[in-house]
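Ligands are counted one by one from 1 in listed order, and the atoms in each one are counted from 1 as well.
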Amino acid sequence: MKYEFCCPTLFGLEGIVGDELRHNGGLEDVRVENGRVLFSGDEQTLVWANLWLRCAERVLIKVGEFPARTFEELFEGVYELPWLDYIEADCAFPVKGYALSSRLHSIPDCQSIVKKAIVKSLSESYGVTWFEETGPRCQVQFAIMNDIATLYLDTSGAGLHKRGYRANANEAPLRETLAAAMVHVSRYRGRGAFLDPFCGSGTISIEAAMIAMNRAPGLMRSFDAEKWNFIDPEIWRQERERALDVIYRDRIYDITGSDIDPACVELSAANAKKAGVDHTVQFLQQDAGKLDLRRREGTLICNPPYGERLMDVASARKLLRSFGMTAFRSPMKQYIISSDEKFEEFFGVKADKKRKLYNGMIRCNLFMYYQPPEKRRRWRTVGSHGIGRGTPDSRKRTGDYRK
Ligand SMILES: C[S@@+](CC[C@H](N)C(=O)[O-])C[C@H]1O[C@@H](n2cnc3c(N)ncnc32)[C@H](O)[C@@H]1O
(Lines give C-alpha, C1' and ligand atoms only; values in the text may rest on other atoms or scores of the structure.)
Protein backbone atom coordinates (compact mmCIF):
# COMPACT_ATOMS: atom_id res chain seq x y z
CA MET A 1 0.00 0.00 0.00
CA LYS A 2 1.17 3.55 -0.65
CA TYR A 3 1.31 6.03 2.24
CA GLU A 4 1.95 9.75 2.62
CA PHE A 5 4.43 10.33 5.44
CA CYS A 6 5.33 13.42 7.44
CA CYS A 7 8.42 13.79 9.65
CA PRO A 8 8.33 16.73 12.06
CA THR A 9 11.83 18.12 12.67
CA LEU A 10 13.53 20.60 14.95
CA PHE A 11 13.60 24.03 13.25
CA GLY A 12 16.71 24.27 11.10
CA LEU A 13 17.02 20.51 10.46
CA GLU A 14 14.40 20.15 7.69
CA GLY A 15 16.96 20.23 4.85
CA ILE A 16 19.16 17.66 6.56
CA VAL A 17 16.23 15.24 6.98
CA GLY A 18 15.41 15.83 3.30
CA ASP A 19 19.01 14.83 2.46
CA GLU A 20 18.77 11.71 4.61
CA LEU A 21 15.59 10.60 2.81
CA ARG A 22 16.96 11.33 -0.67
CA HIS A 23 20.55 10.17 -0.34
CA ASN A 24 20.34 7.38 2.23
CA GLY A 25 16.77 6.24 1.61
CA GLY A 26 16.89 6.65 -2.18
CA LEU A 27 13.50 8.42 -2.13
CA GLU A 28 12.57 10.89 -4.87
CA ASP A 29 9.27 12.35 -3.76
CA VAL A 30 10.61 14.41 -0.82
CA ARG A 31 9.19 17.87 0.04
CA VAL A 32 10.90 20.03 2.65
CA GLU A 33 8.72 22.55 4.53
CA ASN A 34 9.09 24.64 7.69
CA GLY A 35 9.47 22.24 10.63
CA ARG A 36 8.58 19.11 8.63
CA VAL A 37 9.45 16.93 5.66
CA LEU A 38 6.86 15.12 3.54
CA PHE A 39 7.44 12.00 1.44
CA SER A 40 5.62 8.93 0.20
CA GLY A 41 6.34 5.22 0.21
CA ASP A 42 5.21 1.80 1.33
CA GLU A 43 5.53 -0.30 4.52
CA GLN A 44 9.23 -0.81 3.89
CA THR A 45 9.74 2.96 3.67
CA LEU A 46 7.98 3.32 7.03
CA VAL A 47 10.23 0.73 8.66
CA TRP A 48 13.42 2.13 7.07
CA ALA A 49 12.59 5.71 8.09
CA ASN A 50 12.06 4.74 11.73
CA LEU A 51 15.25 2.68 11.90
CA TRP A 52 17.56 5.00 9.95
CA LEU A 53 16.54 8.66 10.17
CA ARG A 54 19.03 10.35 12.51
CA CYS A 55 17.69 13.91 12.50
CA ALA A 56 13.86 13.60 12.30
CA GLU A 57 11.65 13.68 15.41
CA ARG A 58 9.15 11.01 14.36
CA VAL A 59 7.47 9.35 11.37
CA LEU A 60 3.75 10.03 10.90
CA ILE A 61 1.31 8.52 8.39
CA LYS A 62 -1.00 11.14 6.92
CA VAL A 63 -4.53 9.71 7.17
CA GLY A 64 -6.31 12.63 5.52
CA GLU A 65 -6.83 16.36 5.17
CA PHE A 66 -9.96 18.55 4.86
CA PRO A 67 -11.25 22.06 5.63
CA ALA A 68 -12.44 22.43 9.25
CA ARG A 69 -13.91 25.83 10.07
CA THR A 70 -16.53 24.50 12.50
CA PHE A 71 -16.77 21.60 14.95
CA GLU A 72 -19.32 19.96 12.61
CA GLU A 73 -16.85 20.06 9.71
CA LEU A 74 -14.15 18.65 11.97
CA PHE A 75 -16.41 15.80 13.13
CA GLU A 76 -17.63 14.92 9.63
CA GLY A 77 -14.15 15.14 8.12
CA VAL A 78 -12.61 12.83 10.73
CA TYR A 79 -15.55 10.42 10.56
CA GLU A 80 -15.10 10.01 6.78
CA LEU A 81 -11.43 8.96 7.01
CA PRO A 82 -10.48 5.27 6.61
CA TRP A 83 -9.69 4.47 10.28
CA LEU A 84 -10.61 0.83 9.79
CA ASP A 85 -7.52 0.43 7.56
CA TYR A 86 -5.28 1.20 10.53
CA ILE A 87 -6.96 0.73 13.92
CA GLU A 88 -7.84 -2.76 15.17
CA ALA A 89 -10.76 -3.31 17.58
CA ASP A 90 -8.46 -3.68 20.62
CA CYS A 91 -6.04 -0.80 19.79
CA ALA A 92 -5.57 2.20 22.07
CA PHE A 93 -6.04 5.38 20.03
CA PRO A 94 -5.31 8.45 22.17
CA VAL A 95 -5.65 11.82 20.40
CA LYS A 96 -3.43 14.89 20.62
CA GLY A 97 -2.80 17.89 18.41
CA TYR A 98 -2.57 21.61 17.89
CA ALA A 99 -4.31 24.45 16.05
CA LEU A 100 -2.69 27.57 14.58
CA SER A 101 -4.22 30.57 12.79
CA SER A 102 -7.62 28.85 12.67
CA ARG A 103 -11.19 29.44 13.78
CA LEU A 104 -11.05 26.22 15.82
CA HIS A 105 -8.56 26.88 18.56
CA SER A 106 -9.71 25.06 21.71
CA ILE A 107 -7.42 22.02 21.78
CA PRO A 108 -9.42 20.05 24.41
CA ASP A 109 -12.64 20.54 22.37
CA CYS A 110 -10.97 19.53 19.10
CA GLN A 111 -9.40 16.52 20.85
CA SER A 112 -12.74 15.33 22.13
CA ILE A 113 -14.48 15.82 18.76
CA VAL A 114 -11.76 13.93 16.88
CA LYS A 115 -11.99 11.09 19.39
CA LYS A 116 -15.80 10.90 19.15
CA ALA A 117 -15.71 10.87 15.36
CA ILE A 118 -13.17 8.02 15.28
CA VAL A 119 -15.16 6.06 17.88
CA LYS A 120 -18.34 6.48 15.80
CA SER A 121 -16.56 5.38 12.61
CA LEU A 122 -14.99 2.30 14.25
CA SER A 123 -18.17 1.41 16.20
CA GLU A 124 -20.11 1.04 12.98
CA SER A 125 -17.39 -1.15 11.46
CA TYR A 126 -16.70 -3.36 14.48
CA GLY A 127 -20.31 -3.44 15.75
CA VAL A 128 -19.41 -2.40 19.29
CA THR A 129 -20.11 0.79 21.24
CA TRP A 130 -17.27 0.57 23.76
CA PHE A 131 -13.54 0.13 23.09
CA GLU A 132 -11.36 -1.27 25.87
CA GLU A 133 -8.21 0.14 24.19
CA THR A 134 -5.96 -2.45 25.83
CA GLY A 135 -4.04 -3.40 22.64
CA PRO A 136 -1.24 -1.75 20.62
CA ARG A 137 -1.07 2.05 20.70
CA CYS A 138 -2.09 4.01 17.57
CA GLN A 139 -1.44 7.61 18.60
CA VAL A 140 -3.68 9.94 16.56
CA GLN A 141 -2.41 13.48 15.91
CA PHE A 142 -4.30 16.39 14.41
CA ALA A 143 -2.89 19.67 13.09
CA ILE A 144 -5.32 22.47 12.24
CA MET A 145 -3.59 25.23 10.28
CA ASN A 146 -5.40 28.04 8.48
CA ASP A 147 -8.70 26.15 8.91
CA ILE A 148 -7.35 22.96 7.28
CA ALA A 149 -7.26 19.86 9.49
CA THR A 150 -4.69 17.12 8.85
CA LEU A 151 -4.94 13.82 10.68
CA TYR A 152 -1.93 11.59 11.30
CA LEU A 153 -1.02 8.30 12.96
CA ASP A 154 2.30 8.23 14.81
CA THR A 155 4.31 5.16 13.75
CA SER A 156 7.29 5.89 16.03
CA GLY A 157 5.83 6.10 19.55
CA ALA A 158 8.63 7.64 21.61
CA GLY A 159 10.39 10.41 19.63
CA LEU A 160 13.19 9.24 17.33
CA HIS A 161 15.75 11.16 19.42
CA LYS A 162 15.22 8.44 22.03
CA ARG A 163 17.74 5.97 20.68
CA GLY A 164 17.76 3.88 23.83
CA TYR A 165 21.35 4.57 24.92
CA ARG A 166 20.86 7.69 27.02
CA ALA A 167 18.75 6.64 29.97
CA ASN A 168 21.02 8.94 31.97
CA ALA A 169 22.12 12.40 30.92
CA ASN A 170 23.99 15.29 32.51
CA GLU A 171 22.12 18.49 33.33
CA ALA A 172 22.16 20.07 29.88
CA PRO A 173 22.22 17.31 27.26
CA LEU A 174 21.93 17.99 23.57
CA ARG A 175 19.06 16.30 21.76
CA GLU A 176 20.43 13.26 19.87
CA THR A 177 18.79 14.40 16.60
CA LEU A 178 20.55 17.78 16.87
CA ALA A 179 23.90 16.17 17.73
CA ALA A 180 23.58 13.91 14.67
CA ALA A 181 22.70 16.96 12.53
CA MET A 182 25.88 18.75 13.66
CA VAL A 183 27.95 15.73 12.67
CA HIS A 184 26.12 15.63 9.33
CA VAL A 185 26.91 19.30 8.68
CA SER A 186 30.60 18.75 9.53
CA ARG A 187 30.79 15.92 6.97
CA TYR A 188 32.63 13.74 9.47
CA ARG A 189 32.02 10.17 8.33
CA GLY A 190 34.73 8.31 10.26
CA ARG A 191 37.94 9.62 8.67
CA GLY A 192 40.50 11.46 10.78
CA ALA A 193 40.33 12.43 14.43
CA PHE A 194 37.13 13.54 16.12
CA LEU A 195 36.92 15.47 19.40
CA ASP A 196 34.16 16.80 21.65
CA PRO A 197 35.97 18.59 24.51
CA PHE A 198 32.71 19.31 26.45
CA CYS A 199 31.15 15.85 26.14
CA GLY A 200 28.63 15.90 29.05
CA SER A 201 26.71 12.65 28.57
CA GLY A 202 28.64 11.82 25.38
CA THR A 203 25.84 12.48 22.89
CA ILE A 204 27.90 14.10 20.10
CA SER A 205 30.73 11.54 20.20
CA ILE A 206 28.27 8.64 20.34
CA GLU A 207 26.29 9.99 17.37
CA ALA A 208 29.59 10.51 15.49
CA ALA A 209 30.60 6.92 16.26
CA MET A 210 27.24 5.59 15.07
CA ILE A 211 27.55 7.56 11.83
CA ALA A 212 31.16 6.40 11.33
CA MET A 213 30.16 2.76 11.90
CA ASN A 214 27.04 3.08 9.71
CA ARG A 215 25.00 1.92 12.69
CA ALA A 216 21.24 2.61 12.39
CA PRO A 217 20.15 4.90 15.25
CA GLY A 218 16.91 2.96 15.83
CA LEU A 219 18.46 -0.50 16.10
CA MET A 220 18.21 -0.67 19.88
CA ARG A 221 14.64 0.48 20.40
CA SER A 222 11.11 -0.49 19.49
CA PHE A 223 8.46 1.48 17.60
CA ASP A 224 4.68 1.59 18.02
CA ALA A 225 4.13 0.43 14.43
CA GLU A 226 6.00 -2.82 15.14
CA LYS A 227 2.84 -4.02 16.86
CA TRP A 228 0.47 -2.98 14.11
CA ASN A 229 -1.16 -5.88 12.25
CA PHE A 230 -1.23 -4.20 8.85
CA ILE A 231 2.58 -4.13 8.71
CA ASP A 232 4.10 -7.54 8.11
CA PRO A 233 6.52 -8.32 11.00
CA GLU A 234 8.81 -9.90 8.41
CA ILE A 235 9.57 -6.40 7.03
CA TRP A 236 10.77 -5.25 10.47
CA ARG A 237 12.83 -8.44 10.86
CA GLN A 238 14.47 -8.09 7.44
CA GLU A 239 15.22 -4.37 7.82
CA ARG A 240 16.74 -4.92 11.28
CA GLU A 241 18.84 -7.80 9.95
CA ARG A 242 20.02 -5.66 7.02
CA ALA A 243 20.90 -2.83 9.42
CA LEU A 244 23.02 -5.25 11.47
CA ASP A 245 24.75 -6.55 8.33
CA VAL A 246 25.89 -3.12 7.12
CA ILE A 247 27.66 -2.03 10.33
CA TYR A 248 31.41 -1.51 9.79
CA ARG A 249 32.60 -3.62 12.71
CA ASP A 250 36.29 -3.99 11.93
CA ARG A 251 37.29 -0.40 11.14
CA ILE A 252 39.35 1.66 13.54
CA TYR A 253 38.30 5.18 14.50
CA ASP A 254 39.86 8.02 16.48
CA ILE A 255 36.87 9.48 18.37
CA THR A 256 37.33 11.18 21.74
CA GLY A 257 35.00 12.91 24.16
CA SER A 258 36.35 14.78 27.18
CA ASP A 259 34.90 16.74 30.07
CA ILE A 260 36.22 18.40 33.19
CA ASP A 261 33.70 16.52 35.32
CA PRO A 262 34.71 12.90 36.09
CA ALA A 263 31.03 11.97 36.58
CA CYS A 264 30.34 13.05 32.96
CA VAL A 265 33.27 10.95 31.71
CA GLU A 266 31.84 7.91 33.51
CA LEU A 267 28.31 8.63 32.26
CA SER A 268 29.49 9.03 28.64
CA ALA A 269 31.38 5.73 28.78
CA ALA A 270 28.28 3.96 30.15
CA ASN A 271 26.09 5.49 27.43
CA ALA A 272 28.58 4.50 24.70
CA LYS A 273 28.46 0.94 25.99
CA LYS A 274 24.65 0.92 25.82
CA ALA A 275 24.85 2.33 22.28
CA GLY A 276 27.21 -0.48 21.23
CA VAL A 277 30.04 1.92 20.27
CA ASP A 278 32.25 1.68 23.38
CA HIS A 279 35.11 0.08 21.41
CA THR A 280 35.00 3.00 18.95
CA VAL A 281 35.08 6.03 21.23
CA GLN A 282 37.16 6.95 24.28
CA PHE A 283 36.28 9.38 27.05
CA LEU A 284 38.83 11.34 29.10
CA GLN A 285 38.78 13.82 31.95
CA GLN A 286 40.26 17.10 30.69
CA ASP A 287 39.86 20.84 31.17
CA ALA A 288 39.01 22.23 27.70
CA GLY A 289 40.55 25.57 28.67
CA LYS A 290 43.93 23.88 29.04
CA LEU A 291 43.91 21.74 25.90
CA ASP A 292 46.72 22.20 23.39
CA LEU A 293 45.10 21.80 19.99
CA ARG A 294 47.85 23.45 17.92
CA ARG A 295 49.02 20.24 16.31
CA ARG A 296 45.71 18.36 16.32
CA GLU A 297 44.02 17.73 12.98
CA GLY A 298 40.50 16.49 12.32
CA THR A 299 37.02 17.58 13.40
CA LEU A 300 35.94 19.21 16.64
CA ILE A 301 32.23 19.47 17.50
CA CYS A 302 30.87 20.64 20.83
CA ASN A 303 28.34 22.58 22.84
CA PRO A 304 30.18 24.38 25.62
CA PRO A 305 28.17 25.63 28.63
CA TYR A 306 25.95 28.56 27.54
CA GLY A 307 25.50 30.09 30.95
CA GLU A 308 21.78 29.20 30.78
CA ARG A 309 21.45 25.78 32.29
CA LEU A 310 25.04 25.22 33.51
CA MET A 311 27.31 27.95 34.97
CA ASP A 312 26.56 31.69 34.95
CA VAL A 313 27.08 33.74 31.78
CA ALA A 314 30.32 35.38 32.97
CA SER A 315 32.01 32.03 33.83
CA ALA A 316 30.79 30.45 30.59
CA ARG A 317 32.27 33.38 28.60
CA LYS A 318 35.53 33.25 30.51
CA LEU A 319 35.84 29.56 29.68
CA LEU A 320 35.01 30.30 26.04
CA ARG A 321 37.79 32.89 25.94
CA SER A 322 40.47 30.50 27.20
CA PHE A 323 39.20 27.71 24.94
CA GLY A 324 39.15 30.13 21.97
CA MET A 325 42.83 30.99 22.51
CA THR A 326 43.89 27.41 21.83
CA ALA A 327 41.17 26.65 19.24
CA PHE A 328 42.23 29.69 17.15
CA ARG A 329 45.62 28.13 16.39
CA SER A 330 44.29 24.62 15.76
CA PRO A 331 44.06 23.19 12.24
CA MET A 332 40.95 21.25 13.36
CA LYS A 333 37.68 22.06 11.60
CA GLN A 334 35.42 23.32 14.38
CA TYR A 335 31.63 23.29 14.77
CA ILE A 336 30.39 24.88 17.98
CA ILE A 337 26.75 25.37 18.97
CA SER A 338 25.92 28.21 21.35
CA SER A 339 22.95 30.34 22.31
CA ASP A 340 25.25 33.22 23.30
CA GLU A 341 24.62 36.06 20.82
CA LYS A 342 28.15 37.28 21.57
CA PHE A 343 29.78 33.89 21.08
CA GLU A 344 32.28 35.04 18.43
CA GLU A 345 33.35 37.97 20.57
CA PHE A 346 34.28 35.78 23.51
CA PHE A 347 35.56 32.85 21.48
CA GLY A 348 37.71 35.49 19.79
CA VAL A 349 37.31 34.29 16.20
CA LYS A 350 34.85 35.30 13.52
CA ALA A 351 32.98 32.24 12.18
CA ASP A 352 33.45 31.24 8.54
CA LYS A 353 29.72 30.47 8.48
CA LYS A 354 26.78 30.36 10.90
CA ARG A 355 23.63 28.28 10.87
CA LYS A 356 20.54 28.92 13.02
CA LEU A 357 19.42 25.87 15.01
CA TYR A 358 17.21 25.17 18.02
CA ASN A 359 18.31 23.10 21.01
CA GLY A 360 14.81 22.35 22.32
CA MET A 361 13.31 25.82 22.85
CA ILE A 362 16.72 27.55 23.01
CA ARG A 363 17.62 29.51 19.88
CA CYS A 364 21.24 28.79 18.97
CA ASN A 365 23.77 29.25 16.22
CA LEU A 366 26.14 26.62 14.90
CA PHE A 367 29.42 28.51 14.46
CA MET A 368 31.55 26.87 11.78
CA TYR A 369 35.30 27.21 11.32
CA TYR A 370 36.72 25.29 8.38
CA GLN A 371 39.41 27.65 7.07
CA PRO A 372 43.04 26.88 8.02
CA PRO A 373 44.35 28.85 11.06
CA GLU A 374 46.24 31.39 8.92
CA LYS A 375 42.96 32.40 7.26
CA ARG A 376 40.98 32.72 10.49
CA ARG A 377 39.83 36.18 11.47
CA ARG A 378 40.48 37.24 15.06
CA TRP A 379 37.71 39.17 16.77
CA ARG A 380 39.58 41.87 18.68
CA THR A 381 37.83 43.97 21.24
CA VAL A 382 38.76 47.64 20.66
CA GLY A 383 39.99 49.36 23.82
CA SER A 384 38.60 46.67 26.05
CA HIS A 385 40.20 43.82 27.91
CA GLY A 386 37.22 42.77 29.97
CA ILE A 387 34.49 40.21 29.45
CA GLY A 388 31.30 41.66 28.03
CA ARG A 389 32.61 45.02 26.79
CA GLY A 390 32.42 46.38 23.28
CA THR A 391 29.87 45.35 20.65
CA PRO A 392 30.28 43.62 17.29
CA ASP A 393 28.86 46.73 15.61
CA SER A 394 31.44 49.10 17.07
CA ARG A 395 34.13 46.70 15.88
CA LYS A 396 32.63 46.50 12.40
CA ARG A 397 32.77 50.28 12.17
CA THR A 398 36.45 50.32 13.03
CA GLY A 399 37.09 47.51 10.53
CA ASP A 400 38.77 45.49 13.23
CA TYR A 401 38.21 41.97 11.95
CA ARG A 402 41.80 40.90 11.46
CA LYS A 403 42.93 38.15 9.22
C1 LIG B 1 26.22 21.88 27.68
S2 LIG B 1 27.07 20.58 28.46
C3 LIG B 1 27.44 19.47 27.16
C4 LIG B 1 26.32 18.50 26.94
C5 LIG B 1 26.64 17.40 25.98
N6 LIG B 1 26.79 17.86 24.61
C7 LIG B 1 25.56 16.33 26.06
O8 LIG B 1 24.83 16.10 25.08
O9 LIG B 1 25.39 15.74 27.12
C10 LIG B 1 28.61 21.30 28.81
C11 LIG B 1 29.60 20.39 29.49
O12 LIG B 1 30.82 21.12 29.64
C13 LIG B 1 31.46 20.63 30.80
N14 LIG B 1 32.49 21.62 31.21
C15 LIG B 1 32.35 22.76 31.93
N16 LIG B 1 33.55 23.37 32.07
C17 LIG B 1 34.46 22.63 31.40
C18 LIG B 1 35.86 22.74 31.16
N19 LIG B 1 36.58 23.75 31.65
N20 LIG B 1 36.46 21.79 30.43
C21 LIG B 1 35.77 20.74 29.92
N22 LIG B 1 34.43 20.56 30.15
C23 LIG B 1 33.80 21.50 30.86
C24 LIG B 1 30.35 20.42 31.79
O25 LIG B 1 30.77 19.48 32.78
C26 LIG B 1 29.24 19.90 30.89
O27 LIG B 1 29.20 18.51 30.88
Side-chain angles (χ1 to χ4, degrees), residues 10 13 54-55 159 161-186 188 194-211 217 255-275 277 281-293 296 299-327 330 332 334-340 343 346-347 357-367 387:
L10 291 177
L13 302 196
R54 296 183 195 276
C55 305
H161 66 277
K162 297 207 169 155
R163 320 285 208 211
Y165 66 76
R166 207 178 69 181
N168 300 316
N170 77 330
E171 280 174 50
L174 201 62
R175 200 173 262 227
E176 294 84 337
T177 41
L178 182 54
M182 286 160 64
V183 178
H184 179 95
V185 169
S186 80
Y188 173 78
F194 182 96
L195 173 68
D196 172 5
F198 298 93
C199 71
S201 40
T203 320
I204 301 174
S205 311
I206 293 171
E207 292 295 325
M210 293 208 293
I211 288 171
I255 303 175
T256 306
S258 59
D259 201 288
I260 197 165
D261 182 349
C264 286
V265 176
E266 212 173 293
L267 179 62
S268 297
N271 286 340
K273 190 158 196 223
K274 272 191 236 138
V277 298
V281 47
Q282 59 165 346
F283 292 100
L284 309 169
Q285 186 192 355
Q286 246 163 12
D287 180 345
K290 295 187 180 146
L291 282 174
D292 184 356
L293 300 175
R296 300 268 291 265
T299 307
L300 181 152
I301 305 184
C302 63
N303 73 313
Y306 302 157
E308 290 203 17
R309 292 188 280 190
L310 290 170
M311 289 186 166
D312 56 73
V313 175
S315 324
R317 287 177 167 177
K318 207 168 156 197
L319 171 60
L320 210 50
R321 180 154 282 181
S322 56
F323 178 56
M325 303 275 230
T326 170
S330 173
M332 296 188 95
Q334 297 163 36
Y335 300 82
I336 307 174
I337 189 168
S338 174
S339 65
D340 190 340
F343 171 87
F346 293 99
F347 190 59
L357 293 174
Y358 280 78
N359 183 14
M361 296 303 286
I362 305 176
R363 202 178 105 142
C364 298
N365 270 301
L366 180 64
F367 296 91
I387 300 275

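Residue Pro197 has at least one heavy-atom neighbour below 4.0 Å for each of these atoms of ligand 1: 21 (C), 22 (N). Atom numbering of ligand 1 starts at 1 in the shown order; those under 4.0 Å from a heavy atom of Cys199 are 5 (C), 7 (C), 9 (O). Listed by number with element, the atoms of ligand 1 under 4.0 Å from a non-hydrogen atom of Cys264 are 27 (O). Less than 4.0 angstrom separates some heavy atom of Pro173 from each of these atoms of ligand 1: 7 (C), 8 (O), 9 (O). Per-residue contacts place Thr203 under 4.0 angstrom from the following atoms of ligand 1 (heavy atoms of the residue considered): 7 (C), 8 (O), 9 (O). Counting atoms of ligand 1 from 1 in the listed order, those under 4.0 Å from a heavy atom of Asp287 are 18 (C), 19 (N), 20 (N).
Backbone and side-chain nitrogen or oxygen atoms of Pro305 are examined, and none is located within less than 3.5 angstrom of a nitrogen or oxygen of ligand 1. Checking only distances, Ser201 does come within under 3.5 Å of ligand 1, N or O to N or O.
Looking at Asn303, Ile204, Ile260, Ile337, it is Asn303 that brings a heavy atom closest to atom 1 (C) of ligand 1.
Once rounded to the nearest 0.5 Å, the distance linking CG of Leu300 with CZ of Phe198 reads 8.5 Å. Atom CD1 of Ile301 and atom CZ of Phe194 lie 4.0 Å apart (nearest 0.5 Å). Rounding to the nearest 0.5 Å gives a distance of 9.5 Å between CG of Leu291 and CG of Leu284.
Using a 4.0 Å cut-off between heavy atoms, Cys302 makes no contact with ligand 1 at all.
Between Phe367 and the options Tyr335, Phe346, Phe347, Phe343, a ring pair (Phe, Tyr, Trp, His ring centres under 6.0 Å) holds for only Phe343.
Note on ligand 1: Gln286 sits in its first shell, one or more heavy atoms being nearer than 4.0 Å.
Under the 3.5 Å distance criterion, the side-chain polar atoms of Asn271 are matched with a main-chain donor or acceptor of Ser201.
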